[in-house]
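So that the names make sense, note that chain A is the first sequence line, chain B the second, and so on, each numbered from 1.
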Number of protein chains: 2
Amino acid sequence: MTRAFTRKGEATRARIVVGAAAEIRERGVDEVRLEDVMARTGTSKGQLFHYFPDGKEELLLAVAQHEADQVLIDQEPMLSNLTSWPAWLAWRDRLIERYLAQGVKCPLNGLLGQTGRRAPGAQALVTGLMWRWQAAITEGIRHMQSTGDIAAEVDADRAAAALLAGIQGGVLLLLSTGRIDHLEAVLDLTIERLRAGARTA
Amino acid sequence: MTRAFTRKGEATRARIVVGAAAEIRERGVDEVRLEDVMARTGTSKGQLFHYFPDGKEELLLAVAQHEADQVLIDQEPMLSNLTSWPAWLAWRDRLIERYLAQGVKCPLNGLLGQTGRRAPGAQALVTGLMWRWQAAITEGIRHMQSTGDIAAEVDADRAAAALLAGIQGGVLLLLSTGRIDHLEAVLDLTIERLRAGARTA
DNA sequence: TCAGGTTTGGACTTGCAGGTCCATTTTTAG
DNA sequence: CTAAAAATGGACCTGCAAGTCCAAACCTGA
C-alpha cells in the first residue's frame, strides 16, 4: 500500500510534517489551516494531497506520530538509563527543563482531544507512546531494585504507572495554569519516596 | 452589562447550556454544531444568539463553567471532609467510580485544548477549578496533620500539588488508554504513603 | 533522447456551519 | 387592556477552508 516516492518526494513529505508540527505547536491544532502549512513549508495544495491523499486527517496523524516520537527521543538517553540516582535526577531535570522551555505549547494535548476522535489510529498512537514511556520507567525501577537502591517490595508496575500519571498531570497543569510546581512536586516526591524505602535494605 | 432575562428566559438559557454540555460530552467539542444543540434542546437559532450574543464562543465558555462546577459538586461532600482515613478512602472510591462511569468522555479535556485558545477566560476558569480542588486537598492533609494521622513534616502544599497532578494524569490516561489503573495507582500509593509516615508519630 | 513515472502549481468547486435579520408570538408591567 | 419588551422561529447570507482537477515541469533510466 505504500506508494512509491522518490528521495525528493520523501524530503518534501518530511518537510510538510515537520512544518505542520511546528505550526500546530505554535498556534494550536484548530487554528492551523492547510494554507498555513503550505505557506510555511513552501508547498502547494497539489503536494499536500499528493503526499496525504486523505487530506488533513492523514496529515494530522502523521504529525501526531512525529510528535509522539519526539517526546521520547527528547528524553533519551536519560530515560533508558535509569540505573543510578544521579541518572534519575538528570532525567528529572531534563523533563523540567524541556517542558519549562516549551511552555504552554504541548504538541500532543491538542492532538489527543482533536485527532483522538477523528482518526481512530491516533488513540492507539498515544496509547503506544504512554506504554513505551511507562515501560522505560518500570525497567528503571526494576534495575534499581536489582542493585538494592530501591526496596524489593515496591511494585514496580504500579509505581511506574503512578509516576507516569503524575508526569502527565503535571504537564497538563503546566499547560492550564502556567506553573511548573506540580510537575516538580511529582518528580521530587516520587523519587524521594523511592529512595526512602531502601535506605535500610 | 447583564441583560434582563425573564424566568422563562433563564430556563431556556440553562436548558441550552446543559444540552450543549451533554452533547459535547458525548461527541466531542469539535463534532458539535450549533444545529445539534438546537435539535437536542428544542431551540432555534434565534434563541441561541439571543442568549449568547457572541455565538459559539460564549456558549462554550458557559458550558465550560458549568462543567467545571460539576466536577467539584460531584465530589462533595467527600472532598471537603477529608478528616479521617475512611473519608479519604470514600473520596478515592468516589473518584474511581465517577471516572469509570463516564469512561472516555471527559467534559473538560476537550474544552481545555479547544476553548483554551479561543476564549481567554476559559484558561482562567480551568485554573480556578484546579486551584479550588488543590486547596481542598491541602486542607484535608492539614487537618489530618492536626490530628496526628499524617506526619507533621509533610509539606501539605507540595503533597497536594503532586496528588492533584496524579489525578489529572490518571484521568488523562484513562481517556487515552481506557484503563483506570493509573488513577488507582496514584490514589492508593499516595494515600498509603501519607499514612505510612505517621504510623510512628 | 524519449517515454514513463513522479512532482509541482494553482485555479476552481463545494459544502457547510456560523452568524444575521426580521417577522411573529408571548410575557410583563402599569 | 394595552404598549413595550422579551422570547421564539426560521429563512437567508456569507466566508472560508477542505478537497478536486488538470496541465506543466521535472526527473530517471534505457
Side-chain angles (χ1 to χ4, degrees), chain A residues 1-21 23-24 26-64 110-111 114-115 117-119 122, chain B residues 1-21 23-24 26-64 110-111 114-115 117-119 122:
Chain A
M1 217 49 219
T2 325
R3 277 164 302 277
F5 292 137
T6 69
R7 186 155 305 158
K8 192 181 178 190
E10 290 288 359
T12 303
R13 203 194 115 103
R15 186 156 42 97
I16 293 173
V17 171
V18 171
E23 198 75 16
I24 288 173
E26 288 171 18
R27 324 215 338 248
V29 202
D30 38 60
E31 296 302 316
V32 172
R33 326 269 153 234
L34 290 187
E35 259 195 61
D36 302 324
V37 176
M38 287 158 53
R40 178 171 205 133
T41 60
T43 47
S44 66
K45 215 153 221 180
Q47 300 180 60
L48 273 193
F49 283 85
H50 180 64
Y51 295 107
F52 305 93
D54 285 347
K56 203 179 189 183
E57 194 160 318
E58 193 179 349
L59 173 58
L60 257 76
L61 197 59
V63 169
L111 292 174
Q114 286 277 327
T115 330
R117 302 184 182 275
R118 292 182 189 170
Chain B
M1 216 47 218
T2 326
R3 277 164 302 277
F5 291 136
T6 68
R7 186 155 305 155
K8 191 182 179 188
E10 291 288 0
T12 303
R13 203 194 114 104
R15 187 156 41 95
I16 292 173
V17 171
V18 171
E23 199 74 18
I24 288 173
E26 288 172 18
R27 325 215 337 248
V29 202
D30 38 61
E31 295 301 316
V32 172
R33 324 272 152 231
L34 291 186
E35 258 195 63
D36 302 324
V37 176
M38 287 159 53
R40 178 172 205 132
T41 60
T43 47
S44 66
K45 215 153 221 182
Q47 301 180 61
L48 274 192
F49 283 85
H50 181 63
Y51 295 107
F52 305 93
D54 286 346
K56 203 179 189 185
E57 194 161 318
E58 192 179 351
L59 174 58
L60 253 64
L61 197 60
V63 169
L111 292 174
Q114 284 278 325
T115 329
R117 304 185 182 274
R118 293 181 188 169

Every protein N/O within reach of nucleotides 26-30 of chain D N/O, cut-off under 3.5 Å:
{"residue": "D/dC27", "atom": "OP1", "partner": "A/Lys8", "partner atom": "NZ", "Å": "3.2"}

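You can see that DNA chain C meets the heavy atoms of chain B within a 4.0 Å-exclusive cut from C/dA17 to C/dT27, reading 5' to 3'.
For B/Thr41, the side chain to side chain donor-acceptor pair (under 3.5 Å) test picks out B/Thr43, with sequence neighbours left out. Considering only residues two or more places apart in sequence or on other chains, A/Asp36 meets the salt bridge (charged side-chain N to carboxylate O under 4.0 Å, His left out) condition with A/Arg27. The side chain to side chain donor-acceptor pair (under 3.5 Å) test applied to B/Ser44 returns B/Gln47, not counting sequence neighbours.
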Original post:
side chain to side chain contact (heavy atoms under 4.5 Å, CB included) between A/Thr12 and A/Arg15: does it pass, once the steps are laid out?
Top reply: CA-CA 5 Å; A/Thr12 303; A/Arg15 186 156 42 97; 3.6 Å; yes
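What you find for A/Ala62 and A/Arg13 is that their closest heavy atoms are CB-NH2, 4.1 Å. The minimum heavy-atom distance between A/Leu48 and A/Met38, with the atom names listed, is CD1-CG, 3.8 Å. Summarising the geometry of A/Phe52 relative to A/Glu58, their closest heavy-atom pair is C-OE1, 3.4 Å, with the distance given to 0.1 Å.
Distance CD (B/Glu10) to C1' (D/dA6): 12 Å, rounded to an integer number of Å. Distance CZ (B/Phe52) to C1' (D/dT8): 15 Å, rounded to an integer number of Å. Going from atom CE of B/Met38 over to atom C1' of D/dT8 covers 11 Å, rounded to whole Å.
Counting heavy atoms from C-beta on, the side chains of B/Leu61 and B/Asp54 never come closer than 4.5 Å. In this structure, B/Val63 and B/Ile24 have side chains that are in contact, with non-hydrogen atoms separated by less than 4.5 Å.
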Subject >> Protein-to-nucleotide contact annotation, 5' to 3' order, nucleotides 10-19 of chain D [B base; S sugar-phosphate only; - none; under 4.0 Å, heavy atom] >> reply: B------SBB
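The phosphate of D/dT8 has OP1 or OP2 within less than 4.0 Å of a side-chain N or O from B/Thr12.
Here the CD-CD distance, from A/Glu23 to A/Glu31, works out to 11.0 Å after rounding to the nearest 0.5 Å.
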